[in-house]
Amino acid sequence: PWAWKRLEPMGHAVLGVQSHAKDWFRQPTAPALLRGLEERGFFRRFRRVVLTGASMGGFAALNFAPLIPEARVLAFSPQSTMNKVIAPYEARFPFAVKRSNWEGMPFLDAAAAVPYIRRAVVVYDPMVPEDRAHAARLAGANVQLLPVPFATHEAIRVVLKTGTFPLLIDALVQGDGAGPEFWRAYRARRSVTKWQRALLAAAANRGRHGLVIRAADAMLRLGKDLPEEETVFIRRARRGAVNAQKSAAG
């Protein structure tokens, strides 16, 4: 739904592929569906095809892109694989992984698909160790890695809140990747609650109490017209940092 609501008004046709289980599309129906559409000439009606998805959907977008000639990919916080031998650092989603097959090809490892993709943009938070490790496996000459610190594993939500999702889509439709226009517009992240929470938490966890206070003050200035209940977490973080500084000084 998040893609359709923003892409259809831009004049793009949207085809959604939804899994009924958290199985990373590790069943034969998804690739068979895309192969069938390609064989019937469905994708040839369009000037450019961009596959996009987040997390499990990002894995699928990368993994299946080679089935569509010249397709491009915009992936948010994707896993490269959930195979424990290939990616031993990945311990998230244990129940879902246990219920799906990660023992054999095809479509086991999105990193194996990368060389056959025309162009890919991978958006991820380098502060999330697993996402950083997956992004490193997906690197390549045809891949633009876009690190967005403090966006968390749900980087797509921060991108949507900043209004920069259409810019990323256009960057792949019209060219080969995101440029300065995206980064200028992405400054709006400073007003996004998820980003604010992640930044304040990271600074506090590292004992950077002065940074917490300065960041909180800047956030409160940005949100001066917001209802108090929407900034209470900022005030709480600032108060905690002030108390921590006093304890350290005493």
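Side-chain atoms are counted along with the backbone in the values below, which use heavy atoms only and exclude waters and symmetry mates.
Side-chain atoms of T81 come within 3.5 Å of backbone N or O of L108 as a donor-acceptor pair. Although no hydrogens or angles enter the test, the distance criterion places a donor-acceptor pair under 3.5 Å between the side chain of R119 and the main chain of D176. The backbone N or O of R26 lies less than 3.5 Å from no partner atom in the side chain of N101, so there is not a single donor-acceptor pair. Side-chain N or O atoms of R189 include none that pairs as donor or acceptor with a backbone N or O of K161 at under 3.5 Å. Put simply, the side chain of T164 gets close to the backbone of V159: a donor and an acceptor are under 3.5 Å apart. Under a 3.5 Å cut-off, the side chain of Q196 and the backbone N or O of R190 do form a donor-acceptor pair.
Counting only N and O atoms by type, the side chains of E154 and T152 include no donor and acceptor under 3.5 Å apart.
Under the 4.5 Å side-chain heavy-atom criterion for ILVMFWY residues, no single connected hydrophobic cluster contains both V73 and L172. F59 and L145 fall within the same hydrophobic cluster, where Ile, Leu, Val, Met, Phe, Trp and Tyr residues are linked whenever their side-chain heavy atoms come under 4.5 Å apart, directly or through other members. The hydrophobic cluster containing I68 also contains L37, counting ILVMFWY residues as joined when their side-chain heavy atoms lie under 4.5 angstrom apart, directly or transitively. V50 is connected to V123 through a chain of hydrophobic side-chain contacts under 4.5 Å among Ile, Leu, Val, Met, Phe, Trp and Tyr, so both are in one cluster. F233 and F150 end up in the same hydrophobic cluster when Ile, Leu, Val, Met, Phe, Trp and Tyr side chains are linked at under 4.5 Å.
Atom CD of E229 has more than 12 heavy atoms from other residues, nucleotides or ligands within 6.0 Å.
The minimum heavy-atom distance linking W183 with P147 is given by the pair CH2-O, 3.5 Å. For T231 against G223, the heavy-atom pair with the smallest separation is CG2-O, 4.2 Å. Across all non-hydrogen atoms, the minimal contact from V173 to R48 is O-NH1, 2.7 Å. Summarising the geometry of K22 relative to A96, their closest heavy-atom pair is O-CB, 3.3 Å, with the distance given to 0.1 Å. Closest approach of R92 to V128, counting heavy atoms only: NH1-CG1, 3.9 Å. Annotation for V158 and A151: closest pair CG2-O, 3.7 Å, computed over non-hydrogen atoms.
With contacts defined as side-chain heavy-atom distances shorter than 4.5 Å, the pair E90/Q79 qualifies. Put simply, the side chain of F25 does not reach to within 4.5 Å of the side chain of N63, judged on heavy atoms. Residues L199 and M219 form a side-chain contact, since some pair of their non-hydrogen atoms from C-beta on lies under 4.5 Å apart. For the pair R184 and E181, the minimum side-chain heavy-atom distance is below 4.5 Å. Side-chain atoms of L220 and R235, non-hydrogen and from C-beta on, do get closer than 4.5 Å to each other. F43 has its side chain within reach of L34: a pair of non-hydrogen atoms, C-beta onward, lies under 4.5 Å apart.
Remark: F76 CZ to F165 CZ distance equals 5.5 Å, nearest 0.5 Å. If you take CG on L200 and CZ on R208, they are separated by 13.0 Å, rounding to the nearest 0.5 Å. Note that CG of L74 is 5.5 Å distant from CG of L168, once rounded to the nearest 0.5 Å. Atom CG of L51 sits about 9.0 Å away from atom CG of L67, to the nearest 0.5 Å. How far CG of L146 is from CG of D125: 12.5 Å, rounded to the nearest 0.5 Å. One distance of note links CG of D217 with CZ of R238; it measures 4.0 Å at 0.5 Å rounding.
Judged as a side-chain hydrogen bond (donor to acceptor under 3.5 Å, both in side chains), and not counting sequence neighbours, the contacts of S100 are W102. Not counting sequence neighbours, D170 has no partner by the side-chain hydrogen bond (donor to acceptor under 3.5 Å, both in side chains) test.
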**Report entry** Test log, rule side chain to side chain contact (heavy atoms under 4.5 Å, CB included), inputs K194 and R197
**Finding:** CA-CA 5 Å; K194 180 175 284 292; R197 286 183 181 275; 5.9 Å; no
Query - Test side chain to side chain contact (heavy atoms under 4.5 Å, CB included) applied to V192 and T162, step by step - result: CA-CA 7 Å; V192 176; T162 59; 3.8 Å; yes
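The aromatic rings of F64 and F107 sit perpendicular, their planes meeting at an angle over 60°, well past the 30° parallel limit.
Within the structure, the ring pair (Phe, Tyr, Trp, His ring centres under 6.0 Å) test picks out the following pairs touching residues 112-148 (sequence neighbours left out): Y89-H134.
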